[in-house]
Amino acid sequence: MRYPILALLSAALLFSCKPSGEQAVSKAILFKNIHVVDVIQGRVLENYQMVVDSGIILELAPAIPNASGNWRVIDGKGAYVVPGLTEMHAHIPSPPTSEQRIAETLYLYLAGGITTIRGMLGHPYHLELREQVREGQIPGPRIFTSSPSLNGNTVRTPGEAIQKVQQYAAEGYDFLKIHPGIRRVVFDSLAATARQEGIPFAGHVPGDVGIRHALESGYATIDHVDGYLEGLVPESEGVKPEDNGFFGFNFTQLADTSRIGELVRLTRENRVWVVPTQSLFDRWFAPTRADSLLSQPEMRYMPEATLENWRKVKEQYMSDPTWDPEQWKAFDALRLELIARLAVDGQGLLLGSDAPQLFNVPGFSIHHEIDGMERAGLSPLQILRMGTIDPARFFGQEDTWGSVEVGKSADFILITGNPLEDLDALQALKGVMVRGSWYPKAVIDQKLETIAANASMGKE
């Protein structure tokens, strides 16, 4: 896969940021009285100390001799250090959304303990934004960005597909975003050109392509578990792919679960990761009233126009005569079974919530996704790895970030409880460290109040 190696912030840049107001603290820091969660070995290193300088974890040990008096000292008081989370199905606003709102969205991710995002609907502005964040000009998580959408309207012929893939590879996007509607002959040209250009592709599975051909064509990730339910329908049913409804909902009763093993095996053999985005289904498509979701505290960070749009879309779905709550239960159970099987016997799962889509607020929705993974039967350690070391492995950067180790980028969160025992502890933040810049809870809370105030005034 062709993913650019992200440069770490220089020491000069870090020290140029003076802590005041909403800015992060970015001088050399000694953390003491901390417990470090080792997501690779699945253990806790108790009563450790850690030194962070110039964006790097320099030392990590039970005791650090000769600690410099010039270091800032943070007493963890028994808090847990956990690698920063990765949101593998994020969305970043683009113009005409204001630069202020775009920056606030990035901060919302940070405020939720997310230190890396994979933007799933790219825009030329995101290329500039990626560099601004990398250089420390805007607070935000490390960004990987997709190309603009490749779909049935943007790539109608093999020639168009070849031209767009070459263009987006040359422009420097990290990967290509696939949406529905692409004909198979066009998709094959797209995939072949992507391999030639060395740029990965990911996202949806067009109906004309189908899950089996998609897996064999080399997707980097398939998101939403898209295409899998349709792939469980026997050919003898004679259904049309375009009649599948919401991610196969209309085919729920036709699915043959004995076919799950074959699809999981193909996923593993072709090394295709899956990003479930179960929170999208638990919130948008579940039989939960819009008012119940809109009453949740995190909604205060979204503009009123966005919330009203979410309400309308959900109510339209719920009023559709083809939507049935009993069928939703079967649909949900089938999705959870697919997720559980893919977690154990597939290539692996990656944590992503599709924020900010319906009722998924950036930085907050990742915790709803975690709840969904628990409903699927995954263990806390499995889920932690989905959002930390496994995304780093996916990008081929596990030597740079994804775990709390000496020599790696200082991307971690400080929380009050042990997430290996209770994943809700991930929400009890004491602070976030991203590439060496420390955002204590007080600074985060202050910025969140500003974001809420701007949202209440309708600023977008």
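Side chains are part of it too, since the values below use all heavy atoms of this structure and drop only hydrogens, waters and symmetry mates.
- No side-chain donor from either of Glu131 and His126 sits under 3.5 Å from a side-chain acceptor of the other.
- Using modelled atom types, one finds a donor on one side chain and an acceptor on the other under 3.5 Å when comparing Tyr228 with Thr267.
- Taking the six-membered ring where tryptophan is involved, the planes of Trp438 and Phe412 are tilted, since the angle between them lies from 30° to 60°.
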Set out, in order, the CA-CA distance, both residues' side-chain angles and the distance that settles ring pair (Phe, Tyr, Trp, His ring centres under 6.0 Å) for Trp284 and Phe246, then state yes or no.
CA-CA 11 Å; Trp284 179 1; Phe246 188 80; 5.1 Å; yes

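- With no hydrogens or angles considered, a side-chain donor-acceptor pair links Asp354 and His91 at under 3.5 Å.
- No hydrogens or angles considered: nothing links the side chains of Thr400 and Lys408 as a donor-acceptor pair under 3.5 Å.
- Below 30°, between 30° and 60°, or above 60°: for Phe144 and Trp401 the angle between ring planes is between 30° and 60°, a tilted geometry.
- Lys164 places a side-chain N or O within 3.5 Å of a backbone atom of Thr154 that can act as its donor or acceptor partner.
- Of the candidates Leu378, Val82, Ile389, Val82 is the only one forming a side-chain contact (heavy atoms from CB on, under 4.5 Å) with Leu384.
- No hydrogens or angles considered: nothing links the side chains of Asp371 and Gln278 as a donor-acceptor pair under 3.5 Å.
- A donor-acceptor contact under 3.5 angstrom links the side chains of His224 and Thr277, judged on distance only.
- Without hydrogens or angle criteria, Arg183 side chain to Asp208 main chain gives no donor-acceptor distance under 3.5 Å.
- At a cut-off of 3.5 Å, with distance as the only test, no side-chain donor of His179 or Asn153 sits close to an acceptor on the other residue.
- In this structure, Arg118 satisfies the cation-pi test against Phe175, with its NZ or CZ atom closer than 6.0 Å to the six-membered ring centre and inside 45 degrees of the ring normal.
- Using a 30° and 60° split on the angle between ring planes, Phe281 and Phe331 fall in the tilted class, from 30° to 60°.
- Inspection of the Thr116 and Glu87 side chains reveals no N or O donor paired with an N or O acceptor under 3.5 Å.
- Side chain of Lys314 to main chain of Ala286: a donor-acceptor pair is present (N/O by atom type, distance under 3.5 Å, no hydrogens or angles).
- No side-chain donor-acceptor contact under 3.5 Å links Glu216 and Asn270.
- Judged purely by atom type and a 3.5 angstrom limit, Asp345 has no side-chain atom pairing as donor or acceptor with the backbone of Val264.
- Side chains of Ser279 and Glu369: a donor-acceptor N/O pair is present below 3.5 angstrom, by distance only.
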